[in-house]
Amino acid sequence: MIQTNYDVKVILKKGEGRTLKSGGMWVYDNEIDRIEGNYQNGEIISVLDFDGYFMGYGFINANSKITVRILARRKEHLITEEFIEGRVRTAWEYRKAAADTGSCRIIFGEADFLPGLVIDKFADVLVVESLALGIDLLKPLILEKLVEVLKEDGILIRGIYERSDAKVRLSEGMERYKGFLSEPFDTKIEIEENGVKYMVDVEDGQKTGFFLDQKYNRAAIHKICRGKRVLDCFTHTGSFALNAGIAGATSVLGVDASQLGVDQARENACLNHLEDRVKFMCADVFELLPELEKKGEKYDVVILDPPAFTKSRKSIKNAVKGYREINVRGLKLVENGGFLVTCSCSHFMDQELFAKTIREAARGAHKRIRQVEFRTQALDHPILWAADQSYYLKFYIFQVIEEL
């Protein structure tokens with residue numbers, strides 16, 4: 001049952017709600033003048049401007065700095081089962097039109113107007129991550145409607161697994177949770193992407209089990225890796241390394257600090273019959289790259305796909321240092337005329353700052369770089385311009401040239 005309490009009114013301070021008024025979906029605690037009426041956290045309430053103008057319906061949680069997350073902006077759009085089905089159907093229709101739906105992100109939070117919720121489809125399994133109390137209460141209905149909508153297209157979902165184990169749930173006053181939302185099933189799922197097969201571990205893999213957001217970026221490296229020697233740093237379960245191998249690289253070394261990730265990458269290499277050309281090692285990339293430089297190693301393609309070095313604005317300075325160092329080290333290992341593939345998945349490391357950091361790294365490495373391509377996250381992770389938190393992935397390919 002949908003918990004609505006429209007008579008409760010969140011009244012904004014005069015001059016506040018700028019993000020909401022420009023199309024955003026969040027109301028912060030310091031933007032609120034008062035709350036009229038009694039409510040329970042997670043209920044769907046009304047949001048009004050200081051002068052009583054209707055701003056939208058959203059779910060409230062006084063435990064969170066994001067006190068209200070908006071679901072609908074029009075007064076006539078009451079939050080009903082039909083409304084939820086419409087949101088789900090719209091999200092799926094977009095994926096069918098724009099993306100490869102074999103494995104894809106079907107719900108991407110604010111960008112699909114279902115704030116705080118992520119649902120990934122891996123073959124015939126759904127993996128859900130819920131990060132806000134209000135959407136958590138709607139989660140069973142959303143999943144029910146999604147399974148029905150997929151069934152209309154002949155897609156039968158055999159299992160649903162929840163990976164709501166992120167720390168951010170604690171700030172919402174929620175417990176971290178992971179487990180089955182359906183009858184138990186084998187949580188290692190085989191998928192295929194860009195001609196590469198992977199075993200996705202939805203129970204113990206990172207996030208929901210696999211990073212779907214780099215799908216088309218992985219395909220973008222195929223041409224530059226053919227017949228080349230490739231180094232893939234922060235390889236995780238080997239996705240970029242395996243794409244290089246499938247594309248015809250003569251040799252690939254994938255490096256990651258996680259032994260579990262390396263073990264999974266080796267399994268994936270065997271799954272694709274690439275174990276003779278695609279090798280993996282467990283090592284700290286920051287320690288390994290200087291060692292490779294001392295040994296005089298050179299690669300035709302160096303790939304840097306690190307985890308987010310910052311998840312808040314407070315630590316951005318340290319993150320910049322990390323990105324600068326890793327790019328300096330990577331650039332020094334690229335053969336003259338070779339390629340650097342470099343990424344940032346931190347929302348707080350915006351495109352302008354990331355580009356500036358790479359430019360500084362190139363100067364520090366005494367290299368000239370020519371931009372080949374700039375890309376962002378995959379089409380099933382759409383960027384809602386009014387909600388900048390939905391834009392996080394920056395992906396560059398550069399040709400690296402010795403200074404003359």
Side-chain angles (χ1 to χ4, degrees), residues 1-10 20 25-27 37-48 54-61 64 66-97 101 104-121 124-164 169 172 174 177 179-183 380 382 384 387:
M1 183 177 177
I2 300 174
Q3 298 182 24
T4 59
N5 195 349
Y6 301 130
D7 290 335
V8 172
K9 298 178 176 62
V10 172
L20 184 59
M25 304 183 71
W26 292 354
V27 177
N38 298 318
Y39 64 90
Q40 291 184 344
N41 286 330
E43 286 184 330
I44 298 166
I45 51 79
S46 303
V47 178
L48 307 181
F54 180 79
M55 301 295 292
Y57 299 120
F59 47 80
I60 188 168
N61 187 354
S64 174
I66 307 170
T67 304
V68 182
R69 299 174 195 246
I70 297 295
L71 284 168
R73 304 177 71 89
R74 294 185 180 179
K75 198 167 187 177
E76 65 270 24
H77 288 174
L78 300 178
I79 312 305
T80 62
E81 286 196 18
E82 291 74 21
F83 175 91
I84 295 298
E85 181 180 336
R87 283 280 193 262
V88 168
R89 189 177 296 278
T90 299
W92 175 239
E93 291 297 326
Y94 165 73
R95 270 69 185 181
K96 287 199 297 180
T101 58
C104 67
R105 177 153 294 181
I106 300 179
I107 304 293
F108 184 41
E110 282 71 5
D112 284 303
F113 311 105
L114 290 169
L117 185 69
V118 166
I119 301 178
D120 286 342
K121 173 183 175 291
D124 56 357
V125 165
L126 298 179
V127 183
V128 57
E129 181 182 35
S130 168
L131 302 175
L133 177 58
I135 208 72
D136 207 59
L137 298 176
L138 292 172
K139 178 181 63 188
L141 177 61
I142 292 169
L143 288 168
E144 175 189 325
K145 296 299 181 183
L146 179 55
V147 169
E148 290 174 1
V149 167
L150 292 174
K151 189 175 181 181
E152 291 175 9
D153 283 331
I155 300 170
L156 302 179
I157 297 300
R158 68 180 172 92
I160 305 175
Y161 196 84
E162 182 162 10
R163 284 296 304 270
S164 299
R169 279 175 64 98
E172 287 273 319
M174 305 161 67
Y177 175 80
F180 292 100
L181 296 182
S182 65
E183 290 297 317
D380 52 349
L384 183 65

If the condition is side chain to side chain contact (heavy atoms under 4.5 Å, CB included), which residues does [X] pass it with, not counting sequence neighbours?
{"X": "A91", "answer": "R95, I107, D112"}
{"X": "L137", "answer": "Q3"}
{"X": "V8", "answer": "N5, I35, Y39, I45"}

Of all the heavy-atom pairs spanning [X] and [Y], show the shortest one and how long it is.
{"X": "S182", "Y": "G159", "value": "OG-CA, 3.3 Å"}
{"X": "E110", "Y": "L384", "value": "O-CD2, 3.5 Å"}
{"X": "D380", "Y": "R105", "value": "OD2-N, 2.9 Å"}
{"X": "S164", "Y": "S130", "value": "OG-N, 2.9 Å"}
{"X": "R69", "Y": "A132", "value": "NE-CB, 3.6 Å"}
{"X": "G42", "Y": "F59", "value": "O-CB, 3.7 Å"}

Between [atom1] on residue [X] and [atom2] on residue [Y], distance to nearest 0.5 Å:
{"X": "I119", "Y": "W92", "atom1": "CD1", "atom2": "CH2", "answer": "12.0 Å"}
{"X": "I160", "Y": "E183", "atom1": "CD1", "atom2": "CD", "answer": "11.5 Å"}
{"X": "L141", "Y": "L143", "atom1": "CG", "atom2": "CG", "answer": "9.0 Å"}
{"X": "T101", "Y": "I106", "atom1": "OG1", "atom2": "CD1", "answer": "8.0 Å"}
{"X": "F108", "Y": "F113", "atom1": "CZ", "atom2": "CZ", "answer": "12.0 Å"}
{"X": "I142", "Y": "I135", "atom1": "CD1", "atom2": "CD1", "answer": "4.0 Å"}

Q: Assess whether atom CD of Q40 is packed by more than 12 heavy atoms of other residues, nucleotides or ligands within 6.0 Å.
A: no
Q) Does atom CG of D153 have more than 12 heavy-atom neighbours, drawn from other residues, nucleotides or ligands, at distances under 6.0 Å? A) yes
Q: Decide yes or no on side-chain contact (heavy atoms from CB on, under 4.5 Å) for T67 and I60, but give the supporting numbers first.
A: CA-CA 6 Å; T67 304; I60 188 168; 4.0 Å; yes
Decide yes or no for [X] and [Y]: does some side-chain heavy atom of the first lie under 4.5 Å from some side-chain heavy atom of the second?
{"X": "E43", "Y": "T4", "value": "no"}
{"X": "D136", "Y": "M174", "value": "yes"}
{"X": "I44", "Y": "L71", "value": "yes"}
{"X": "L20", "Y": "V47", "value": "yes"}
{"X": "S46", "Y": "V10", "value": "no"}
{"X": "E129", "Y": "L117", "value": "no"}
{"X": "L126", "Y": "L146", "value": "yes"}

Q: Please list, chain by chain and in numerical order, all residues satisfying ring pair (Phe, Tyr, Trp, His ring centres under 6.0 Å) with F180, sequence neighbours excluded.
A: Y161, F185
(Q) Show, in sequence, the C-alpha distance, side-chain angles and deciding distance for K121 and I155, and conclude whether the side-chain contact (heavy atoms from CB on, under 4.5 Å) test is met. (A) CA-CA 11 Å; K121 173 183 175 291; I155 300 170; 3.8 Å; yes
Q | Distance-only polar pair, side chains of S64 and E172, donor-acceptor under 3.5 Å | A | yes
Q: Kindly indicate, with the supporting measurements, whether the criterion side-chain contact (heavy atoms from CB on, under 4.5 Å) is fulfilled by I79 and Y6.
A: CA-CA 10 Å; I79 312 305; Y6 301 130; 3.8 Å; yes
Q: Show the numbers, then the answer: is there a salt bridge (charged side-chain N to carboxylate O under 4.0 Å, His left out) between R89 and E152?
A: CA-CA 11 Å; R89 189 177 296 278; E152 291 175 9; 2.8 Å; yes
Q: List for me each residue that meets side chain to side chain donor-acceptor pair (under 3.5 Å) alongside E93, sequence neighbours excluded, and say none if there are none.
A: K96
Q: Mind jotting down which residue pairs meet the salt bridge (charged side-chain N to carboxylate O under 4.0 Å, His left out) criterion with at least one end in residues 72-83? Sequence neighbours excluded, please.
A: E81-K145
